[in-house]
Q: 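One structure coming up, written as structure tokens, with questions to follow.
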Number of protein chains: 2
Amino acid sequence: MLSTGHYLILSSLSRNGPESRSELASRLGMSKAAISSLVRDLLKQEILCEQAPVHGSGRPSVPLAVRAEAAWFIGISLQNDPAIVVLTDLHGTVHDRMELPRHADLETCVTSLCDAIAHLRKGLRSARGHVSGVGMALPGFVANDRQTCLACAALGWRDVDIGGLLSKRTGLPTWIENDANALILGEQLFGALRGSPDFSVIFISNGIGCANIVNGRLLRGYAGGAGEMSHAPIVTDMAHALPCRCGNRGCLETVASLLAIGNAARRAGLPTDIAELARLAAGAHPEALSILHHAGASMGLATAHLIQLIDPSHVVVMLDPNLRDGIYGHALQRETESHILRRPASRGMIHFRDFEPDSFACGAASLAARYFIFGPDGV
Amino acid sequence: MLSTGHYLILSSLSRNGPESRSELASRLGMSKAAISSLVRDLLKQEILCEQAPVHGSGRPSVPLAVRAEAAWFIGISLQNDPAIVVLTDLHGTVHDRMELPRHADLETCVTSLCDAIAHLRKGLRSARGHVSGVGMALPGFVANDRQTCLACAALGWRDVDIGGLLSKRTGLPTWIENDANALILGEQLFGALRGSPDFSVIFISNGIGCANIVNGRLLRGYAGGAGEMSHAPIVTDMAHALPCRCGNRGCLETVASLLAIGNAARRAGLPTDIAELARLAAGAHPEALSILHHAGASMGLATAHLIQLIDPSHVVVMLDPNLRDGIYGHALQRETESHILRRPASRGMIHFRDFEPDSFACGAASLAARYFIFGPDGV
DNA sequence: GGTCTATAGTTTATAATATGAACTATGTTG
DNA sequence: CAACATAGTTCATATTATAAACTATAGACC
């Protein structure tokens, strides 16, 4: 069994990359003796491994690293159709993946997911290790226990104990999470911003998702609704504010989401496909330009609100390359920058990234990996 | 010397109110034996005291409470002129207070503050205890060490080590904090929302301040600029957006702050005094109504953004009663509610409170009390 | 090549801090 | 007044850290 001390070392190595025993001791504020003994246990259990010595003056230091194959995880994304199921190692690398239809019917959904999980587990030859847990990302609200989906419009679920079902059928501990939250938690554990205590992730798809890491932890809010950028009141001129499915008018997602852009294009008699619309805009088509500019600028305004209120070090924006490289991305960046206080670090704060569907499944897998690395008392 | 265990007990009692040893043991997940021994130390040092036994079935339990007079603190507010200096006990009760002119000149400022502190310390007969620390709230940016004021427009300070100066002259540990942050930290430690892990405080004065407690901790952000509601981009219609001192246009504080309201009144040929303006609006004076409605609605829109992004359980809004009871407060509340997702808990989320200048000084005192209660490794 | 020095990591005795289980204390209940 | 219930203490012990001395392994320098 691992103690708090073991988990401290695991999480430090996972956050800060390979480090020697001495570096760990000073970073964690513990004695060399304690680290030495804790590391011995973790090496014996083959959770850590020693890397090639680093030579300086004095005895070379031996960097310690978390062994990627020490544990395996299943990540499920119901963010879109098809559903995606991945098998990752402890570094977040995908070793196998499957796509399957996303069933709204609960029984069908659970059965097909369990079949996929069984198949992936079989593919992992037991000599290499075994699967330690399952994570799932879905577009909806999840209860505090991270087991029950309280509401998911896309699947028509209400108060569905999907976590309990999966964990019962697979015999594996299971964690459920909102899609944006899973995405940023994966980014925090496995991604380039690993270890940053304050950053935000936004993704622009048919809807708009947003999540924030603050003080090193996920910002959930009181009712679990933090980061609801999607319904930020952006269009305040009520003459132009469109009704939103949430019941209000002028929400961000009524202008800046892919669905909203498609709708606007249809009303203007333009093609609703994003790539085609972007091509028209690139060719200076005035109405295409107007739609995409308005969408991007609205997104930028909401991003400025986010930056002013939450003050992240980085904002990762995941979107379609066609939008990123055209007027949408340009307007987003420009509008954001023109509405935030100029801070020393505000340059290069926004990082565009391609919209990768597997990111959600990887984030989901990281939910289970997190338990392995941070322990039951978690971080 | 107090250990981590002692501080755990102190912070639990401070957060959750008086509790018996048994209750502490189960809340903190420790054995009765450990609690018993730790409490003995704290009783001997007269930091805790036993209250009247509570009778149930079985041996009566003895609630333990933090002794208010176990420690005393000085709180300084430079939030406005005059500066306010208070002497509080460990419960945040003000036992003595002074007002003095707020000097922008550093030497004069420090000298007059130190004189005031010395006077308050003398007034506290040493039999009752002694002052353990000093806290200061000021309207500006403070470095991460909580000693140096990086920038304060109202006083014209840049990179002023006010904390170092005060602590050197008084011989007391000193903490500096932004005014809004001090306010919410005081609320968290001493106020009605004590113990709530997710709430926000907004105050409307000549400027607008905002701070947020998230996951039980102050949301500082990457550069310490979180909660900068004041420069939220609210007026997006550039034809009507006024220039702001920050260099952008249409910031919240250009329409919703007392200064902005006064400016708008002057431009309309109306009295700039808030009380008089509110009286005109109450009498249905159309221009007064328009100014105050616009200001309140803008404030409400910014509050809606805050609620959507951060999802607090409560938003405490501190403002002049004349504004609260008139169209400003009404528009604020109405506009906020019409722009947030209806959540189960969204009713009664906004709590108006009178603008009390002493609140800032109390919050400042709580910065030092926090150190006493949470220990050097703080929370 | 040998010695000095610097740094990494281990060993071991010990200190600090928790626990479990038995015990005492002090009430209510019937 | 006995039986019971719950609060709190005691004490032997386990866990988990530390300090300090020790070993290990390199580069540097003469």
Side-chain angles (χ1 to χ4, degrees), chain A residues 1-13 16-67 374-377 379, chain B residues 1-13 16-67 374-377 379:
Chain A
M1 212 49 216
L2 298 187
S3 75
T4 312
H6 295 116
Y7 286 118
L8 276 177
I9 290 180
L10 270 181
S11 38
S12 174
L13 290 178
N16 311 113
E19 281 186 319
S20 71
R21 294 168 176 82
S22 293
E23 289 165 324
L24 279 172
S26 70
R27 183 188 292 277
L28 298 177
M30 293 169 70
S31 64
K32 291 193 296 171
I35 299 294
S36 187
S37 146
L38 292 168
V39 162
R40 190 180 5 256
D41 302 339
L42 292 169
L43 285 173
K44 184 180 292 176
Q45 292 188 44
E46 295 189 299
I47 294 173
L48 298 186
C49 60
E50 295 188 322
Q51 294 187 332
V54 172
H55 294 251
S57 75
R59 176 172 170 176
S61 67
V62 181
L64 300 159
V66 178
R67 228 170 55 87
F374 296 143
D377 307 323
V379 164
Chain B
M1 210 47 215
L2 298 186
S3 75
T4 312
H6 295 115
Y7 285 119
L8 276 177
I9 290 179
L10 270 180
S11 38
S12 174
L13 290 177
N16 310 113
E19 282 186 319
S20 71
R21 294 169 177 81
S22 293
E23 290 165 322
L24 279 172
S26 70
R27 183 188 291 277
L28 298 177
M30 293 169 69
S31 65
K32 292 193 297 172
I35 299 293
S36 187
S37 145
L38 291 168
V39 164
R40 187 176 12 252
D41 303 338
L42 292 169
L43 285 172
K44 183 180 291 176
Q45 294 188 42
E46 295 188 297
I47 295 173
L48 298 186
C49 60
E50 296 187 324
Q51 294 188 331
V54 172
H55 294 250
S57 73
R59 176 171 170 175
S61 67
V62 181
L64 300 159
V66 178
R67 228 170 54 88
F374 296 144
D377 306 324
V379 165

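The figures that follow rest on heavy atoms only: side chains count, while hydrogens, waters and symmetry mates do not. The chains referred to below are lettered A, B, ... by the order of the sequence lines, with proteins before strands, and numbering in each begins at 1.
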Q: Nearest whole Å is fine: how far is C:dA25 P from B:H55 NE2?
A: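 Value for this atom pair: 18 Å.
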Q: How long is the span from the CD1 atom in B:I9 to the OG atom in B:S3, to the nearest 0.5 Å?
A: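 It is 8.5 Å, given to the nearest 0.5 Å.
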Q: For B:S12, which residues count as a side chain to side chain donor-acceptor pair (under 3.5 Å) partner, sequence neighbours excluded?
A: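 Applying side chain to side chain donor-acceptor pair (under 3.5 Å) to B:S12 gives B:N16.
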Q: Run the side-chain donor-acceptor check on residues 33-48 of chain A: report pairs under 3.5 Å with partners two or more places apart or on a different chain.
A:
residue: A:D41; atom: OD2; partner: A:H6; partner atom: NE2; Å: 2.8

Q: Mind checking what makes side chain to side chain donor-acceptor pair (under 3.5 Å) contact with A:R21, not counting sequence neighbours?
A: A:E50
Q: Measure the distance from CD on A:E50 to C1' on C:dG9 and round it to the nearest whole Å.
A: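 For the pair A:E50 CD and C:dG9 C1', the rounded distance is 10 Å.
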Q: Could you tell me which non-hydrogen atom of B:Q51 sits nearest to which non-hydrogen atom of B:A65, and how far apart they are?
A: NE2-CB, 3.5 Å
Q: Under the side-chain contact (heavy atoms from CB on, under 4.5 Å) rule, collect the residues that match up with B:E23, sequence neighbours excluded.
A: B:E19, B:S20
Q: Within the sub-3.5 Å range, which N or O atoms of nucleotides 2-7 of chain C have a protein N or O partner, and how far apart are they?
A:
residue: C:dT7; atom: O4'; partner: A:S57; partner atom: O; Å: 3.3
residue: C:dT7; atom: O2; partner: A:R59; partner atom: N; Å: 2.8

Q: With respect to the phosphate group of C:dG9, does any side-chain polar atom (N or O) of A:S61 fall under 4.0 Å of OP1 or OP2?
A: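 No.
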Q: To the nearest angstrom, how far is A:L42 atom CG from C:dG9 atom C1'?
A: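 The answer, rounded to whole Å, is 16 Å.
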Q: Whole-Å distance between C:dA8 C1' and A:E19 CD?
A: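 The distance from CD of A:E19 to C1' of C:dA8 comes to 14 Å, rounded to the nearest Å.
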Q: First locate atom CG of A:L8, then atom CG of A:L2, and finally report the distance between them rounded to the nearest 0.5 Å.
A: 11.5 Å
Q: I'd like the 5' and 3' limits of the part of DNA chain D contacted by chain A, with heavy-atom contacts below 4.0 Å.
A: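 The contact span of chain A on DNA chain D goes from D:dT16 to D:dG27.
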Q: Distances under 3.5 Å between protein N/O atoms and the N/O atoms of nucleotides 11-17 of chain C, please, pair by pair.
A:
residue: C:dT11; atom: OP2; partner: A:R40; partner atom: NH1; Å: 3.1

Q: Looking at every strand, decide which applies to B:V39 at a 4.0 Å heavy-atom threshold: base, sugar-phosphate, or nothing.
A: nothing
Q: Working to the nearest 0.5 Å, report the span between OG1 of B:T4 and CZ of B:F374.
A: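 Answer rounded to 0.5 Å: 14.0 Å.
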Q: What heavy-atom pair brings B:A52 and B:P63 nearest, and what distance separates the two atoms?
A: O-CD, 3.3 Å
Q: Measure the spacing between CG of A:L13 and CZ of A:R27 and express it to the nearest 0.5 Å.
A: 9.0 Å
Q: Both A:G5 and B:V62 contact DNA chain D. Which one's nearest nucleotide lies toward the 5' end?
A: B:V62
Q: Output every pair passing side chain to side chain donor-acceptor pair (under 3.5 Å) with a member in residues 52-65 of chain A, not counting sequence neighbours, ordered by first then second residue.
A: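 Qualifying pairs: none.
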